[in-house]
Amino acid sequence: MAYWLMKSEPSEISIDDLASFPDQTVGWFGVRNYQARNFMRDQMQPGDGVLFYHSSCAEPGVAGLAEVVGAPYPDPTQFEKGEKYFDEKATPEVPRWFQVDVRLVKKTRLLALSEIRSNPDLQEMRILAKGNRLSITPVSSFEWRTIQKLINP
DNA sequence: GCCAACGTTGGC
DNA sequence: GCCAACGTTGGC
């Protein structure tokens with residue numbers, strides 16, 4: 001059982017969008033960074049905990065809890081010619097990009113980035129590291145438990 | 001809109 | 001394999 005923080009721009013997919021999807025599940029398409037891809041392809045397991053994080057918005061922070069469901073599979077958007085996420089070097093036989101499905105567990109209060117930054121127990125989070133841009137980062141079980149206490153009434 | 005930081009690309 | 005140029009991320 002591992003834990004992850006996954007960034008999504010709410011202008012693309014917000015926590016409320018996720019809540020409205022069938023099975024409250026979304027395929028995590030569009031990742032085009034090898035390190036983030038490797039986390040999904042090689043390390044994620046069904047049942048892993050996910051912090052759903054809103055980035056590039058007015059109030060960045062953790063907006064809800066989710067979980068990994070199912071096994072990784074090729075990101076279909078890499079084959080969509082002319083579309084944003086098309087990759088001409090990817091083929092169905094040799095796909096380059098992978099995704100997992102992520103299901104909402106519950107929407108929470110917003111745990112703002114500023115609150116994460118000011119919490120002594122969360123200083124080691126990758127999200128706070130200078131220059132960090134990875135859209136998927138591991139979260140320690142201690143950090144996960146700390147955050148549960150902060151967001152659960 | 002700014003800009004620091006980082007990843008990728010491509011010429012050599 | 002090096003590295004300059006370029007594009008992207010994401011908080012502010």
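Chain letters run A, B, ... following the sequence lines, proteins first and then strands; every chain starts at 1.
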Side chain to side chain, [X] and [Y], heavy atoms closer than 4.5 Å:
X      : Y      : result
A:L113 : A:R117 : yes
A:L111 : A:L51  : no
A:M6   : A:V31  : no

Interatomic distance where [atom1] belongs to [X] and [atom2] belongs to [N] [whole Å]:
X      : N      : atom1 : atom2 : result
A:D87  : B:dT9  : CG    : P     : 9 Å
A:H54  : C:dG11 : NE2   : P     : 12 Å
A:R126 : C:dT9  : CZ    : P     : 17 Å
A:I127 : C:dG11 : CD1   : C1'   : 10 Å
A:Y34  : B:dT8  : OH    : P     : 7 Å
A:M125 : C:dG11 : CE    : P     : 13 Å
A:M6   : C:dT9  : CE    : C1'   : 17 Å
A:L134 : B:dA5  : CG    : C1'   : 12 Å

Under 3.5 Å donor-acceptor, A:Q78 side chain and A:W97 backbone: yes

Nearest-nucleotide comparison on DNA chain B, the residue closer to the 5′ end among A:K89 and A:Q35: A:Q35

Which nucleotide in B:dT8, C:dG11, B:dG7 has an atom nearest any side-chain atom of A:Y53: C:dG11

Return a table of donor-acceptor pairs under 3.5 angstrom between the side chains of residues 18-26 of chain A and protein atoms on other chains or two or more places apart.
from	atom 1	to	atom 2	distance (Å)
A:S20	OG	A:D17	O	2.7
A:Q24	NE2	A:A19	O	3.1
A:T25	OG1	A:D23	O	2.7

Within residues 109-120 of chain A: residues closer than 4.0 Å to DNA chain C (heavy atoms): A:L113, A:R117

Within the 6.0 Å centroid threshold, strictly below: A:Y85 and A:W28: no

A:K130 side chain near B:dA4 phosphate (N/O to OP1/OP2, under 4.0 Å): no

Basic-acidic side-chain contact under 4.0 Å: A:D75, A:R32: yes

